[in-house]
Amino acid sequence: MSKKNSTFVTEFLFEGFSSFDWQHRVAFFIVFLTLYLLTLSGNVIIVTIIRLDRHLHTPMYFFLSMLSISETFYTLAIIPRMLSGLLYPYQAIDIQGCAGQLFFYLTFGINNCFLLTAMGYDRYVAICNPLRYSVIMGKKVCIHLACGSLGIGLGMAIVQVTSVFGLPFCDGFVIAHFFCDVRPLLKLACADTTINEIINFVVSVCVLVLPMGLVFISYVVIISTILKIASAEGRKKAFATCASHLTVVIIHYGCASIIYLKPKSQSSLGQDRLISVTYTVITPLLNPVVYSLRNKEVKEALRKAMGLRPLSS
């Protein structure tokens with residue numbers, strides 16, 4: 001039931017990291033700013049190198065560049081305001097700005113989930129059906145997969161934002177988080193949120209459990225195929241092409257699942273805030289560092305662009 005005689009909220013305040021003293025917040029600011037700049041520069045390098053080097057004009061690197069672009073917008077929606085909040089706690093955001101932040105966060109976060117799924121499918125085709133790889137993973141298919149990922153992100157974000165901001169907010173206006181996320185906002189609503197909790201859970205299942213299931217099935221088939229390769233060198237090379245993707249997938253889906261698939265009764269906003277730091281600050285850094293910059297072809301292309309001698313002849 002809605003509360004009567006209450007003032008409806010027109011802006012929120014982020015609690016953020018206000019519970020920490022000034023010295024700790026400054027230390028966090030320096031660390032998070034450094035990680036953010038590394039993420040931005042790494043993603044810019046990846047997109048530029050893939051664009052310039054024709055040897056990297058393949059489906060695998062196309063999806064890598066799309067993931068880099070998506071994660072750039074994803075972090076842009078969250079981290080600059082978070083950094084500002086570390087220096088100046090309890091910053092205000094109007095309800096339209098909050099809705100916009102949630103929309104872009106969800107759009108690109110969900111887009112990342114399905115891009116990782118598309119990359120898993122790409123690895124499946126490359127290893128399990130190499131002779132037909134160029135036919136199956138044609139340019140149109142790659143574009144359709146990338147557009148489909150973004151389209152799902154947009155659709156799910158619209159559903160979530162419409163669901164959350166269709167609720168009345170009165171009296172409570174301090175968001176126990178460092179950005180506008182679904183669960184902290186639902187806790188501030190002065191109406192029954194049961195339907196909204198159900199919608200949030202269904203969306204979470206669709207964007208986390210289903211992609212995770214598809215990636216898991218792909219890797220079961222991939223691993224069984226790799227184990228059938230006769231030469232040890234061939235098996236090692238095949239595993240190497242999948243290891244980085246699998247690492248990013250486990251961390252990305254793992255952190256998101258802990259928060260969005262956890263029962264409401266077990267939800268702790270304090271714990272969610274700490275885990276959110278992982279997938280909004282640290283996980284995006286994994287794409288340029290773990291997935292791409294450790295890749296031999298990317299490193300060779302980077303050295304070539306810088307006018308340096310290739311690592312191998």
Side-chain angles (χ1 to χ4, degrees), residues 1-16 70 73-82 85 90-114 148-211 255-273 275-276 279-280:
M1 294 293 293
S2 299
K3 297 176 183 177
K4 295 183 178 180
N5 300 323
S6 296
T7 303
F8 283 90
V9 171
T10 58
E11 66 178 23
F12 299 102
L13 294 179
F14 291 121
E15 182 180 313
S70 180
F73 285 110
Y74 170 77
T75 55
L76 191 62
I78 305 297
I79 297 181
R81 186 176 283 272
M82 182 195 76
Y90 289 105
Q91 288 200 344
I93 183 171
D94 60 41
I95 199 163
Q96 293 83 5
C98 188
Q101 185 184 55
L102 180 62
F103 173 77
F104 287 111
Y105 162 73
L106 290 174
T107 296
F108 292 108
I110 294 169
N111 182 45
N112 291 345
C113 288
F114 284 93
S149 298
L150 183 58
I152 293 171
L154 286 168
M156 293 294 188
I158 290 170
V159 169
Q160 283 281 56
V161 172
T162 304
S163 166
V164 171
F165 287 93
L167 293 167
F169 297 94
C170 37
D171 295 335
F173 59 91
V174 178
I175 299 176
H177 214 332
F178 55 86
F179 67 95
C180 293
D181 201 0
V182 176
R183 278 191 166 171
L185 286 167
L186 292 181
K187 288 183 179 292
L188 295 179
C190 51
D192 182 17
T193 61
T194 303
I195 298 300
N196 306 82
E197 293 284 350
I198 293 171
I199 291 172
N200 184 45
F201 181 75
V202 170
V203 169
S204 299
V205 169
C206 290
V207 303
L208 292 173
V209 176
L210 292 180
C255 291
S257 298
I258 290 172
I259 293 178
Y260 295 107
L261 297 179
K262 184 170 55 177
K264 185 180 178 181
S265 59
Q266 297 178 16
S267 181
S268 165
L269 290 180
Q271 291 178 350
D272 289 355
R273 210 177 314 172
I275 299 169
S276 295
Y279 73 78
T280 56

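- At distances below 3.5 Å, not a single donor-acceptor pair connects side-chain atoms of D181 with backbone N or O atoms of P184.
- Taking the side chain to side chain donor-acceptor pair (under 3.5 Å) definition, one finds that Y74 meets it with nothing, sequence neighbours left out.
- With sequence neighbours excluded, the residues that form a side chain to side chain donor-acceptor pair (under 3.5 Å) with S70 are N111, N112.
- Counting heavy atoms from C-beta on, the side chains of R81 and F178 never come closer than 4.5 Å.
- For S204, there are no side chain to side chain donor-acceptor pair (under 3.5 Å) partners, not counting sequence neighbours.
- Minimum heavy-atom separation, C206 to P211: O-CD, 3.3 Å.
- Considering CG of N200 and CD1 of I195, their distance stands at 13.0 Å, rounded to 0.5 Å.
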Identify every side-chain donor-acceptor pair in residues 149-158 under 3.5 Å, counting partners at least two apart or on other chains, and give the distances.
from: S149; atom 1: OG; to: L145; atom 2: O; distance (Å): 2.9

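- Judged as a ring pair (Phe, Tyr, Trp, His ring centres under 6.0 Å), and not counting sequence neighbours, the contacts of F12 are F169.
- Annotation: the span from I95 atom CD1 to E11 atom CD amounts to 10.5 Å, rounded to 0.5 Å.
- At most 12 non-hydrogen atoms from other residues, nucleotides or ligands lie less than 6.0 angstrom from CZ of F173.
- Under the rule for a ring pair (Phe, Tyr, Trp, His ring centres under 6.0 Å), the partners of F179 that lie at least two apart in sequence or sit in another chain are Y105, H177.
- With sequence neighbours left out, F73 forms a ring pair (Phe, Tyr, Trp, His ring centres under 6.0 Å) with F108.
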Item to check | Stepwise side-chain contact (heavy atoms from CB on, under 4.5 Å) test for F104 and I78 | outcome: CA-CA 9 Å; F104 287 111; I78 305 297; over 6 Å; no
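- Qualifying disulfide (SG to SG under 2.5 Å) partners for C180, counting only residues two or more places apart in sequence or in other chains: C98.
- Applying the side chain to side chain contact (heavy atoms under 4.5 Å, CB included) criterion to I198, with sequence neighbours excluded, gives T194, V202.
- For the atom pair CD of Q96 and CZ of F103, the computed distance is 15.5 Å after rounding to the nearest 0.5 Å.
- Separating the CG atom in L76 from the CD atom in Q101 is a distance of 10.5 Å, to the nearest 0.5 Å.
- Partners of Q91 by side chain to side chain donor-acceptor pair (under 3.5 Å), not counting sequence neighbours, listed by chain and number: S84.
- Of the residues listed (N196, L167, I175, T193), the one engaging L185 in a side chain to side chain contact (heavy atoms under 4.5 Å, CB included) is I175, and it is the only one.
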